[in-house]
Undergrad: 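Please read through the structure below; I'll follow up with questions.
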Number of protein chains: 2
Amino acid sequence: MEFPSTPFDDSNISKEREVGGRIDKRKQIEGEVKEYKSKNLIPERNRRQKLNERLLELRLLVPNITKMTKETIITDAITYIRELQTNVNSLSEQLLEMEATHAEELETKNEEIIDKWGIQPEVQVAQIGTTKLWIKIVCQKKRGGFTKLMEPMNVIGFDLNDTSVTASKGALPVTSSVEVVRSGITEANQIREILLEIIRGIQRN
Amino acid sequence: MEFPSTPFDDSNISKEREVGGRIDKRKQIEGEVKEYKSKNLIPERNRRQKLNERLLELRLLVPNITKMTKETIITDAITYIRELQTNVNSLSEQLLEMEATHAEELETKNEEIIDKWGIQPEVQVAQIGTTKLWIKIVCQKKRGGFTKLMEPMNVIGFDLNDTSVTASKGALPVTSSVEVVRSGITEANQIREILLEIIRGIQRN
DNA sequence: ATGCACACGTGACAC
DNA sequence: TGTGTCACGTGTGCA
């Protein structure tokens, strides 16, 4: 990284360079030695210095500097800001688009799977009492599927009461309140897995 | 949107304001009326004007301006640039991360599906000659699956030669060169769909 | 020599 | 009253 040119500097400050060519000339003309200083002099010097410091700081922040002129520093900063703004815009656009396509792709994949393999079985199990469960099952409708689903549950040791089956197109939602009659299994998640396996078996055959 | 304060302006240019307090004083002192103008005067005016224009342009580009001071314009621009830079960084990071998680999620979903339903059947069909096809099938390995796959193909009217079956764990890759003996179906994609349906039927039962 | 960029000191002006 | 910001014209050095 090399700077294109020498920057402006304040190193001449209070050097004995004939600054502004002002004081000295006046001295020559008037023949006086009265060194008048404006009360503004020092604050103004500080102001200029601070401004230049800020300018250098800005220059440090902006890459691809062409020249070290005050004007070009600002101009380059302007183009750089524009660049950054468009970058931010395009990036957030990409992000949103990607989010959308992501969701869409997942949806497409789900549809594709349903199309190929039928509805993905869904099982919720909630333990109500010590021996009581609430179960919700959604699986693909199939000929004789309901009895095929109920049979193994009896085998496992579940006693169903208050079972509601709402027939919908393609899907078979079942909610049931279950009394666990003879079974050591009481952990909801475990029961859920077992039911899922049963349903998959039915759905495959 | 309201500007916080009056901007600096160049409207005083060439007004009869005792600029710099310089010329007039000199006139008073020397008693002459010679209106000396530095050759630098006009270019310097233009330079200042351009610089201020740039400064205003910069100010226009930066939101959340606190004051209209030259220094604050630059300072605000600096903080704004920093802000934009961090924005760009975080956005591109998010983008990359999202890309990664996206791919990962799809992969997870695929694995999940394979775990639940077995390998997704994959069929490629390429027509070589008028009655010759090249077929590649990858499906889940199953007991008696191969013969179950071959039978219906004979029924459809395919005559298999140069069939290669490479047994792999879980998967059953089959590549085959097929002579279409008695069948009106010659469109590759159509054949592909039929084969897929057959495989799905096998995989379900 | 010609133009350009700069720092300088100053008066004016606003708050 | 001061305190801060500005535009101005200028002299200087650099390319």
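Numbered from 1 within each chain, the chains take letters A, B, ... in sequence-line order.
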Undergrad: Can you tell me the distance, in whole Å, between the CG atom of B/Leu51 and the P atom of C/dC4?
TA: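 So the CG-P distance, B/Leu51 to C/dC4, works out to 15 Å.
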
Undergrad: Hey, does the side-chain of B/Glu44 have a donor or acceptor N/O within less than 3.5 Å of a partner on the base of C/dC6?
TA: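 A donor-acceptor contact between them is present.
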
Undergrad: Rounded to whole Å, how long is the line connecting atom CZ of B/Arg47 with atom P of D/dT12?
TA: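 Rounding to the nearest Å, CZ of B/Arg47 and P of D/dT12 are 17 Å apart.
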
Undergrad: Just N and O in the side chain of A/Lys70: are any of them under 4.0 Å from OP1 or OP2 of C/dA7?
TA: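 Answer is yes, contact under 4.0 Å.
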
Undergrad: Between C/dA5 atom C1' and B/Gln49 atom CD, what is the distance in whole Å?
TA: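 Rounded to whole Å, this separation is 17 Å.
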
Undergrad: Decide, yes or no, whether a salt bridge links B/Arg48 with B/Glu44 under the criterion of side-chain N to carboxylate O below 4.0 Å.
TA: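 Yes.
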
Undergrad: Dump the intermediate steps for side chain to side chain contact (heavy atoms under 4.5 Å, CB included) on A/Val88 and B/Leu84, then the final yes or no.
TA: CA-CA 7 Å; A/Val88 169; B/Leu84 283 177; 4.0 Å; yes

Undergrad: Looking only at side-chain N and O atoms, does A/Arg45 come under 4.0 Å of OP1 or OP2 in C/dC8?
TA: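 It does not, given that no N or O in the side chain of A/Arg45 lies less than 4.0 Å from OP1 or OP2 of C/dC8.
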
Undergrad: From NZ of A/Lys67 over to C1' of C/dC6, roughly how many Å is that when rounded to an integer?
TA: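 Rounded to whole Å, this separation is 13 Å.
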
Undergrad: Which whole-number value in Å describes the distance from A/Ile42 CD1 to D/dT5 P?
TA: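 It works out to 16 Å between those atoms.
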
Undergrad: Is B/Arg54 reaching over with its side chain to a backbone N or O of A/Glu71, donor-acceptor style, under 3.5 angstrom?
TA: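 Answer holds: no.
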
Undergrad: For B/Asn46 and D/dA7, give me the distance from atom CG to atom P, rounded to whole Å.
TA: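 Interatomic distance, CG of B/Asn46 to P of D/dA7: 15 Å.
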
Undergrad: Quick one: does B/Thr72's side chain have a donor or acceptor within less than 3.5 Å of a partner on B/Lys67's backbone?
TA: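 Yes.
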
Undergrad: Whenever both distances are under 3.5 Å in a Watson-Crick or G-U wobble pair, mark it; put DNA chain D into dot-bracket that way, with [ ] for crossing pairs and | when the partner is on another strand.
TA: .||||||||||||||

Undergrad: Kindly indicate whether the side chain of A/Asn40 and the base of C/dG11 share any N or O donor-acceptor pair separated by less than 3.5 Å?
TA: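 Such a pair is found, so the answer is yes.
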
Undergrad: Looking only at side-chain atoms of B/Ser38, point me to the closest of C/dT10, D/dT10, C/dA5.
TA: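 Of all the options, the side chain of B/Ser38 is nearest to D/dT10.
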
Undergrad: With a 4.0 Å cut-off, would you call B/Arg82 and A/Glu57 a salt bridge?
TA: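 Yes, this pair counts.
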
Undergrad: Does A/Arg48 make a side-chain N or O approach to OP1 or OP2 of D/dT5 shorter than 4.0 Å?
TA: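 No, A/Arg48 has no side-chain N/O under 4.0 Å of OP1/OP2 on D/dT5.
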
Undergrad: With no hydrogens and no angle check, do the side chains of B/Gln85 and B/Tyr80 hold a donor and an acceptor under 3.5 Å apart?
TA: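 No pair is found: no donor N or O on one side chain lies under 3.5 Å from an acceptor on the other.
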
Undergrad: If I take atom NZ in residue A/Lys39 and atom C1' in nucleotide D/dT3, what distance separates them, rounded to the nearest angstrom?
TA: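 Between C1' of D/dT3 and NZ of A/Lys39: 11 Å.
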
Undergrad: Measure the distance from CD1 on A/Ile73 to P on C/dC6 and round it to the nearest whole Å.
TA: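 Taking CD1 of A/Ile73 and P of C/dC6, I get 8 Å after rounding.
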
Undergrad: Is B/Ser176 reaching over with its side chain to a backbone N or O of B/Val178, donor-acceptor style, under 3.5 angstrom?
TA: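 No, B/Ser176 side chain to B/Val178 backbone: no donor-acceptor pair under 3.5 Å.
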
